[in-house]
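In what follows, a single structure is set out as structure tokens and then discussed.
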Amino acid sequence: MNLDPAGITLDGGNGLAKQLYLALRRRILATPGTYRIKLPTSRNLALALQVSRNTVVRAYEQLYAEGYISSRVGDGTYADGLAAAVVAEPDAQAAAAPAMRQSAMQGRLSGYETRRRMSAGPARAFRLGIPAYDLFPNQIWGRLQSQFWRRAPLAEMGYGDAAGNLRLRELIAAYLRQARGLACEPSQIVITAGAQHGIALCAQLLLDAGDKVAIENPCYPAAAAALAVVGAQLVGIALDQDGMDTSQLAQHADCRMAYVTPSHQYPLGVTLSLARRLELLAWAERHNTWVVEDDYDGEYRYDGTPLAPLAALDRSGRVLYVGTFSKIAFPGLRLGYLVLPPKLVPALTALHAMGDRHPPAADQAVMAEFIAAGHFQRHIRRMRRASRARRDALLEGWAPLFGQQLPLPKVAAGLHLSLPLASAGQEADLVAKAIAAGVELNPMSRFCLPGQAVNPQHRAGLALGFAGVDEAAIGRALLSLRQAWT
Ligand SMILES: Cc1ncc(COP(=O)(O)O)c(C=O)c1O
């Protein structure tokens, strides 16, 4: 059959060749596979459509390149009809998608995107999870980046080691040994795109669908989601002033993993006591359980000496330590690390290689230089000072305004604090009024696992991040809260 140009309309604007290519492709896709279509010569089609011959030639070239048409010397240009073949128009693909069988992963993810409440945009009081990144030394970082690129680092522009930049791993190992009392080898470290990525890798590697995971309740929702998405069954363990109530673990001998934030529990802000750390490790040894230790803000300790991480107390190679640069540098950097029991390194590195291979080589190399030149340690001290000052501004500003009815707890670590409330109704009321006044407050109920063991005093409350904005902004937010609440 000959292709009839009647019915092909081009709107005369830009991109005529593209429009013609799409119109011809539509015809070919709509013609049954038993037909062979003969296309007009480029000259005749150009005349029929009143376009330049060049336009038709370009459209034909595109169809050739994609295998829709072929030509025989002396015999013209042909296409085989493709209707009912596997190729479908994008519109048809979209329409067909709902009929596809859903994978278990799709099922677990459904609705997650709308449930997730991610605070985006510029920092505001009292957003959770953000450090004083307004103090990040951008100029130093920029200088190190341009030094990296001026070096024309061909060796680092190809595929790198999936475990990460070796120099960076050596520096992290030295830092952890000195600052956190965690003796580890660079070969145990895998550089990730942040703590969240590290937690997700641990979950993917070590859990099968249906496996039980003991998790603090209330907990960090994004970690709970990363565990649930691989099919884990979450077993909430209640908390008190000393962190996770490890005595409850005795009833859960069948857990494959425990996920904990011992340095500074998220979101309550309490620290897991030494006795409980030892109890958790003994339980894990008894029942052959992995322990994922999320040390997301371990650098922030204001009073007292920090307790050794679980990974430093682990005698049987079952603790996976998760660290991040998000809370010292800035979250958008997307750099973190895992410290693994040696036996897990090959498999986890292979899993990493199959996903995103490794974080950008330039950022890893620049972070290594940032640490080696002493900027990292200096910046930690600056961040600790700033966060302490911001914490104090919140505590001191809060006390005269709300201290009577809503006293804040002492906070010796981290970037946030939380306070209990009497009821879910009070929580909803205070949060709604704060948000209407432009102040970000997080309801404690958001962090609770539905239907799971939770200390009654943690069912309702408020969680406040104090590090993301400066003292003046904290003061202004407190005044807005006073207006909103009274
Ligand atoms: C408890 C906890 N773990 C992990 C993360 C994730 O950090 P990252 O930005 O490194 O993925 C956060 C971020 O707020 C957090 O609060």
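For ligands, and for the atoms within them, numbers begin at 1 and follow the listed sequence. Fair warning: this is a prediction, and the values are worked out from it, not measured in the lab.
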Could you list the donor-acceptor pairs under 3.5 angstrom formed between side-chain atoms of residues 223-244 and any protein atom two or more places apart in sequence or on another chain?
residue, atom, partner, partner atom, Å
Asp240, OD1, Asp242, N, 2.8
Asp240, OD1, Arg276, NH1, 2.8
Asp240, OD1, Arg276, NH2, 3.4
Asp240, OD2, Arg276, NH2, 2.8

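- Side-chain contact of Asp294 with Tyr220: a donor-acceptor pair under 3.5 Å is absent, judged by distance alone.
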Indicate every side-chain donor-acceptor pair of residues 462-483 with a distance under 3.5 Å to a residue at least two apart or in another chain.
residue, atom, partner, partner atom, Å
Asp470, OD1, Ala472, N, 3.3
Asp470, OD1, Ala473, N, 3.0
Ser480, OG, Arg476, O, 3.1

Give the C-alpha distance, both sets of side-chain angles, the deciding distance and a yes or no for salt bridge (Lys or Arg N to Asp or Glu O under 4.0 Å) between Arg390 and Asp134. CA-CA 13 Å; Arg390 292 174 183 193; Asp134 50 312; 2.9 Å; yes

Just the distances, no angles: every ligand 1 N or O to protein N or O pair closer than 3.5 Å, one line each.
residue, atom, partner, partner atom, Å
ligand 1, 3 (N), Asp294, OD2, 2.5
ligand 1, 9 (O), Ser326, OG, 2.7
ligand 1, 9 (O), Arg334, NH1, 2.8
ligand 1, 10 (O), Ala195, N, 2.7
ligand 1, 10 (O), Thr324, OG1, 2.5
ligand 1, 10 (O), Ser326, OG, 3.1
ligand 1, 11 (O), Ala195, N, 3.3
ligand 1, 11 (O), Gln196, N, 2.9
ligand 1, 11 (O), Arg334, NH2, 2.8
ligand 1, 14 (O), Lys327, NZ, 2.6

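- For the pair Arg384 and Tyr300, the NZ or CZ position fails the cation-pi test of under 6.0 Å to the six-membered ring centre and within 45 degrees of the ring normal.
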Taking only distance into account, with no hydrogens and no angle test, what donor-acceptor pairs under 3.5 Å do side-chain atoms of residues 135-149 form with protein atoms, sequence neighbours excluded?
residue, atom, partner, partner atom, Å
Gln145, NE2, Asp363, OD1, 3.0
Ser146, OG, Gly142, O, 3.2
Ser146, OG, Arg143, O, 3.1

